[in-house]
Number of protein chains: 2
Amino acid sequence: MAARHEEIAEELRQAIDRGEYPVGGPLPTETELSARYAVSRGTVRQAVAALTAEGRIGSRQGARRVVLGNRRSQSFAELRSFAQWAAAMGRTATGRVLEQHRRPATAEDAEKLQIKRGDEVLQVLRVRGLDGDPVLLERNVYAAWMADSVERLPAECVSVVQALYEDIGMVFAYGEHVIDAVAAGAEDARLLGIRRGSPLLRIRRVTTTPAGRPIEWSDDRYVSGTVSFTVANSIGSNPLARQAGQA
Amino acid sequence: MAARHEEIAEELRQAIDRGEYPVGGPLPTETELSARYAVSRGTVRQAVAALTAEGRIGSRQGARRVVLGNRRSQSFAELRSFAQWAAAMGRTATGRVLEQHRRPATAEDAEKLQIKRGDEVLQVLRVRGLDGDPVLLERNVYAAWMADSVERLPAECVSVVQALYEDIGMVFAYGEHVIDAVAAGAEDARLLGIRRGSPLLRIRRVTTTPAGRPIEWSDDRYVSGTVSFTVANSIGSNPLARQAGQA
DNA sequence: CAGAATCACTTGTCCGAACAAGTCGATGAC
DNA sequence: GTCATCGACTTGTTCGGACAAGTGATTCTG
């Protein structure tokens with residue numbers, strides 16, 4: 001947390017959570033904040049831009065900024081890692097590898113991982129649980145250059161993300177998520193202990209390194225009622241997009 | 001389109017879509033871009049910051065920016081409005097009001113719309129279709145100060161958002177979306193023409209004016225397979241958050 | 001009294017500069 | 001040949017200034 005504008009953003013977040021700036025009320029002006037923190041106006045603007053992107057405050061030219069809400073957004077690590085997310089909530093996560101094998105890349109693998117068709121990939125099927133109950137079925141496909149490190153992990157590994165970071169310093173930096181709902185198939189139902197046809201929340205995701213190199217893509221299916229996802233957007237910044245039909 | 005940094009951002013987006021900067025490849029340096037467009041480095045940084053927030057490019061200190069993908073994200077207007085989104089895809093949207101009545105606000109209404117319990121609200125039930133097939137069941141609750149304008153709309157109104165903008169200049173500026181999957185209830189199934197228990201993608205959202213005043217909240221249920229949502233995030237900016245289910 | 005004009009204030013845009021921090025290829029030592 | 005060092009290059013941070021554009025309350029006008 002070196003950068004001054006990040007410190008200021010964090011102080012503002014906490015001030016909002018404390019109720020110092022009530023929801024629906026105005027934030028101090030940029031001039032006042034720059035005086036209070038002894039920084040230039042540009043630095044203050046970087047700080048409030050972060051809160052705007054998170055959907056915590058609204059902003060219009062000419063009028064004071066408005067506090068929209070105080071929900072806490074999670075770090076990328078917490079979103080990416082089921083185990084870290086569960087730990088942050090005070091719940092215990094479990095994980096078990098059911099299946100793991102290498103195979104040549106299909107056309108879909110090749111496109112998503114930016115590799116050639118037929119290159120070797122590592123496919124893994126995991127079940128994840130929360131406080132004992134199975135909640136999530138995870139189908140991952142890793143690029144070949146990651147396969148060795150993933151295979152070395154124990155079958156009961158709770159946090160894959162953390163293990164990979166500690167072993168080889170691998171950082172997951174970017175992600176694209178496609179969200180929809182599907183009915184549980186026969187295999188889904190058996191492995192999650194639910195009825196066939198039950199609704200599942202499906203998140204398909206591609207993750208890349210800081211250099212933009214794809215690491216893995218995955219198909220996560222959450223049991224209905226166990227997990228929901230939140231996203232904030234605005235007329236200015238719009239991370240959420242709707243897409244039609246099958247893809 | 002006035003702001004220079006927005007123009008540059010749009011030109012970069014188109015250049016990426018044209019394949020001028022291939023996926024996985026580097027973007028020109030800030031210095032080169034500022035020379036090419038005859039603007040200062042700060043203006044270029046504003047432009048590339050927008051693309052970074054959209055997840056199209058990645059950025060690390062010291063290294064050149066990397067093109068992560070060329071997916072096109074819809075504008076906020078298209079996301080807010082089912083009809084505009086459908087039109088942008090070359091499909092025809094339909095809409096029909098099934099039920100509409102005023103009632104006192106419940107505790108849930110009061111919290112989400114920042115009004116007092118018992119204040120009047122307007123509840124509306126709509127079915128939306130794509131190319132003739134029913135796709136979406138929409139349950140909206142509008143704050144009292146919006147009720148008159150909404151009631152004046154025709155029952156078959158295709159685009160509520162656009163109609164409200166043209167009538168009274170109302171703009172939907174901010175939104176918070178909670179996404180999960182649910183099974184279709186008896187009413188859902190009957191109105192959407194699907195089997196009971198079929199998976200539905202549920203989006204609950206609250207929208208507000210540019211001034212941060214809540215306009216409405218709604219519960220949208222999409223038929224499985226018709227629509228999906230995409231969100232990009234990164235270690236730096238993360239609009240997406242996971243929450244434990246609370247029913 | 002209602003509506004229009006005014007004006008202080010606030011945010012948005014853009015500039016130019018300087019330094020810090022990190023990356024990556026080239027060079028040189030072992 | 002391998003590895004560490006170096007240095008050019010690139011992005012990140014911060015400053016200070018200037019003007020444009022929009023808001024909202026006050027004042028003025030009919």
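Fair warning: this is a prediction, and the values are worked out from it, not measured in the lab. Residue numbers begin at 1 in each chain, while the letters A, B, ... track the order of the sequences.
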Closest of C/dA21, D/dG24, C/dT13 to the A/Arg60 side chain is D/dG24
Closest to the side chain of B/Ala63, out of C/dT10, C/dC14, C/dC24, is C/dC24
The bend of the helix from C/dC1-D/dG30 to C/dC30-D/dG1, taken between the axes of its five terminal pairs at each end and rounded to 10°, is 10°
Can you tell me the distance, in whole Å, between the [atom1] atom of [X] and the [atom2] atom of [N]?
{"X": "B/Arg65", "N": "C/dT23", "atom1": "CZ", "atom2": "C1'", "value": "14 Å"}
{"X": "B/Gln61", "N": "C/dA21", "atom1": "CD", "atom2": "C1'", "value": "4 Å"}
{"X": "B/Leu27", "N": "D/dT10", "atom1": "CG", "atom2": "P", "value": "13 Å"}

Determine, for B/Glu151 against B/Arg102, whether the closest basic-nitrogen to carboxylate-oxygen distance falls under 4.0 angstrom. yes
Discussion item. Under a 4.0 Å threshold between the charged nitrogen and the carboxylate oxygen, would B/Asp17 count as salt-bridged to B/Arg56?
Written reply: yes
Here the salt bridge (Lys or Arg N to Asp or Glu O under 4.0 Å) pairs for residues 163-176 of chain B, sequence neighbours left out, are A/Arg71-B/Glu176
Discussion item. Between A/Ile215 and A/Trp145, is the side-chain contact (heavy atoms from CB on, under 4.5 Å) condition met? List the steps.
Written reply: CA-CA 8 Å; A/Ile215 301 172; A/Trp145 57 280; 4.2 Å; yes
Produce the list of close N/O pairs, under 3.5 Å, pairing protein atoms with atoms of nucleotides 15-17 of chain C; give distances to one decimal.
unit_1 : atom_1 : unit_2  : atom_2 : d
C/dC15 : OP2    : B/Ser40 : N      : 2.7
C/dC15 : OP2    : B/Ser40 : OG     : 3.1
C/dC15 : OP2    : B/Thr43 : OG1    : 2.5

**OP:** Just call it for A/Ser59: base, sugar-phosphate, or nothing, with non-hydrogen atoms closer than 4.0 Å on any strand.
**Re:** sugar-phosphate
